[in-house]
Amino acid sequence: MNLLRPQIEAVTNNLIDNILSGPAEFDFHDDFAFPLPVIIIAGMLGVPEVDLERFKHWSDIQVAAMGAEDPSRYEEDQIEFFGYMHSHLMSRRSDVAAGVDVPEDLLTLIASGSDADGQLLSEADAQSVLMQLLVGGNETTTSLITNLLWRLLESPNQWQAMQEDATLIEPAIEESLRFDPPVLGLYRSTTRDVSLHDVLIPKGSKVFINYAAANRDSALFNDPNRFDITRSTRERKRHMSFGLGTHFCLGAPMARLETEIAFQAIMQRLPNLTLIGPGQRIAPFFLWGRRKLPVQS
Ligand code: HEM
């Protein structure tokens, strides 16, 4: 994971250079927290620099469509995106098959990946892995970065404490994940009757697993409704924000690393940030993050 560090640092510093050369008031979501993970994943997927703006737009569309009352208005963009990723994947596949020297990136890994029977992944499966990485990884990391800055700026003592002691960055990231989980919950389907706390959930039910509620369980967390970056190590990582068990988030180390590097740089280069409004939340009901976060440097 640390191989990604120099690239994340470079993108982070470029974004901050742009912020510092612009107006003192800016939108932290649009100018920093949104582009950072998109640019990193685009690099890992071998998306050429010239396509970056379109790629960012398409990533945004995926989330807008999830929260829309009428997702059909995004169909055209989604079809275009699907077509783009399809030709991107196929051209890498034919390069691999022809023995052309290809970059050792995530796209090559997916393009030449095989299933449990040793067969090359079907095109549909490979495309689905690509989409899962994009949709699952981008907006969530953006939300983690915006949510953390939002709470710290609302609580200037904690922002100050972190500036004085950089070792608080890691606990602050975990506290943000607990207090403001970017994914509030996800669904599961029961494959058999299940009884929980004397309630029978019949086979074939849809159950919403509410990570956010688990993260505020007073049996596990002292004063759970308080945002506190100095929680004990024992409490710190008990949150459910990356899920649990077989489907535990594959991108958790990457999200943590991007956020850590982002805050190291923000604290050094933008130490006087202040909130100039509460911003807006993102639309999908099961996700939690800021779509806008206006700040002043
Ligand atoms: C703060 C950022 C993130 C949060 C809060 C988050 C949250 C989650 C959650 C709740 C799950 C579902 C677990 C379950 O179903 O039990 C999940 C799964 C997944 N995440 Fe993340 N995620 C984040 C970042 C990322 C990143 C950066 C990537 C990849 C680049 C990623 C890729 C995935 C994948 C591939 C899965 C499916 C794993 C499986 O089904 O085995 N996530 N994530």
Side-chain angles (χ1 to χ4, degrees), residues 1 3-23 26-66 73-113 121 123-124 126-143 145-146 251 254-255 257-259 261-262 265 269 282 291-292:
M1 189 50 57
L3 288 176
L4 277 176
R5 188 175 275 276
Q7 198 196 343
I8 301 173
E9 283 172 351
V11 176
T12 300
N13 280 311
N14 275 342
L15 292 170
I16 298 182
D17 289 344
N18 291 342
I19 289 171
L20 289 172
S21 64
F26 65 98
D27 192 89
F28 181 74
H29 171 276
D30 293 354
D31 294 348
F32 188 84
F34 172 67
L36 176 64
V38 184
I39 297 173
I40 299 297
I41 196 85
M44 291 169 75
L45 292 175
V47 172
E49 193 109 14
V50 283
D51 292 335
L52 197 57
E53 283 311 311
R54 284 201 299 163
F55 187 79
K56 277 197 239 166
H57 168 72
W58 285 324
S59 283
D60 214 11
I61 289 292
Q62 298 298 321
V63 178
M66 272 193 274
R73 55 191 267 244
Y74 298 104
E75 249 169 35
E76 219 173 283
D77 267 304
Q78 286 181 307
I79 292 169
E80 214 187 348
F81 187 31
F82 203 77
Y84 176 86
M85 291 314 288
H86 168 82
S87 55
H88 198 51
L89 181 72
M90 287 301 132
S91 94
R92 183 61 60 86
R93 264 204 172 163
S94 59
D95 284 353
V96 172
V100 174
D101 207 5
V102 290
E104 283 181 38
D105 59 14
L106 202 52
L107 185 66
T108 299
L109 206 64
I110 297 168
S112 45
L121 280 185
E123 190 195 321
Q127 182 82 285
S128 152
V129 173
L130 277 178
M131 288 301 177
Q132 210 172 344
L133 289 175
L134 291 176
V135 178
N138 283 344
E139 186 68 28
T140 47
T141 309
T142 295
S143 294
I145 296 171
T146 23
M254 183 167 156
L257 183 67
E258 282 181 25
T259 311
I261 292 172
R269 303 190 60 200
I282 51 174
R291 175 72 193 82
K292 291 279 169 202

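All residue numbers refer to positions in the sequence shown, counting from 1. For the numbers below, each heavy atom of this structure counts, side chains included, while hydrogens, waters and symmetry mates do not.
Proximity of a side-chain donor or acceptor of His88 to a complementary backbone N or O of Leu45 within less than 3.5 Å is detected. Counting only distance, with no hydrogens or angles, the side chain of Thr142 and the backbone of Ala33 share a donor-acceptor pair below 3.5 Å. Remark: side-chain polar atoms of Thr141 are not paired, donor with acceptor, to backbone N or O of Ala255 under 3.5 angstrom.
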Give the C-alpha distance, both sets of side-chain angles, the deciding distance and a yes or no for side chain to side chain contact (heavy atoms under 4.5 Å, CB included) between Thr12 and Phe32.
CA-CA 8 Å; Thr12 300; Phe32 188 84; 3.8 Å; yes
For Ile40 and Val11, what are the C-alpha separation, side-chain angles and deciding distance, and is it a side chain to side chain contact (heavy atoms under 4.5 Å, CB included)?
CA-CA 8 Å; Ile40 299 297; Val11 176; 3.8 Å; yes
Assess the residue pair Arg92 and Ile110 against the criterion (side chain to side chain contact (heavy atoms under 4.5 Å, CB included)); give the C-alpha distance rounded to whole Å, side-chain angles, the decisive distance to 0.1 Å, and a yes or no.
CA-CA 10 Å; Arg92 183 61 60 86; Ile110 297 168; over 6 Å; no
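Look at Arg291 and Asp27 and you find no salt bridge, because none of the NZ, NE, NH1 or NH2 atoms lies under 4.0 Å from a carboxylate O. Ionic pairing of Asp51 and Lys56 is not present here: no N-O contact between side-chain nitrogen and carboxylate oxygen is shorter than 4.0 angstrom.
Contact of the Leu107 side chain with the Leu130 side chain is registered, since non-hydrogen atoms from C-beta on lie closer than 4.5 Å. Proximity of Leu36 to Ile261: side-chain heavy atoms (C-beta onward) are nowhere separated by under 4.5 Å. Counting heavy atoms from C-beta on, the side chains of Leu134 and Ile41 come closer than 4.5 Å. Looking at Gln62 and Glu139, their side chains never come closer than 4.5 Å, going by heavy atoms from C-beta outward. Side-chain contact between Met254 and Ile8 is absent, with no heavy atoms from C-beta onward closer than 4.5 Å. Contact of the Leu4 side chain with the Glu258 side chain is not registered, since no non-hydrogen atoms from C-beta on lie closer than 4.5 Å. Taking 4.5 Å as the limit, every side-chain heavy atom of Asn138 sits out of range of all side-chain heavy atoms of Phe34. Put simply, the side chain of Glu80 does not reach to within 4.5 Å of the side chain of His57, judged on heavy atoms.
Summarising the geometry of Tyr74 relative to Ala65, their closest heavy-atom pair is CD1-CA, 3.6 Å, with the distance given to 0.1 Å. Nearest heavy-atom pair, Arg269 versus Asp17, reported as atom, atom and distance to 0.1 Å: NH2-OD1, 2.6 Å. Between Leu121 and Ala126, the shortest heavy-atom contact is CD1-CA, 4.2 Å. Scanning all heavy atoms of the two residues, the minimum distance from Ser59 to Val38 falls at OG-CG1, 4.0 Å. In terms of heavy atoms, Pro35 sits closest to Asp30 at CD-O, 3.2 Å.
One distance of note links CD of Gln127 with CE of Met90; it measures 7.5 Å at 0.5 Å rounding. Between the CD1 atom of Ile19 and the CG atom of Asn14 there is a distance of 11.0 Å, given to the nearest 0.5 Å. The CG atom of Leu89 sits 10.0 Å away from the OG1 atom of Thr108 when rounded to the nearest 0.5 Å. Interatomic distance, CD of Glu75 versus CD1 of Ile61, reported as 12.0 Å (0.5 Å rounding).
Below 30°, between 30° and 60°, or above 60°: for Phe26 and Phe28 the angle between ring planes is between 30° and 60°, a tilted geometry. In this pair, Phe81 and Trp58 present their aromatic rings parallel. The plane angle is below 30°, not in the 30 to 60° band.
Within 6.0 Å of CZ in Arg73 there are 12 or fewer heavy atoms belonging to other residues, nucleotides or ligands.
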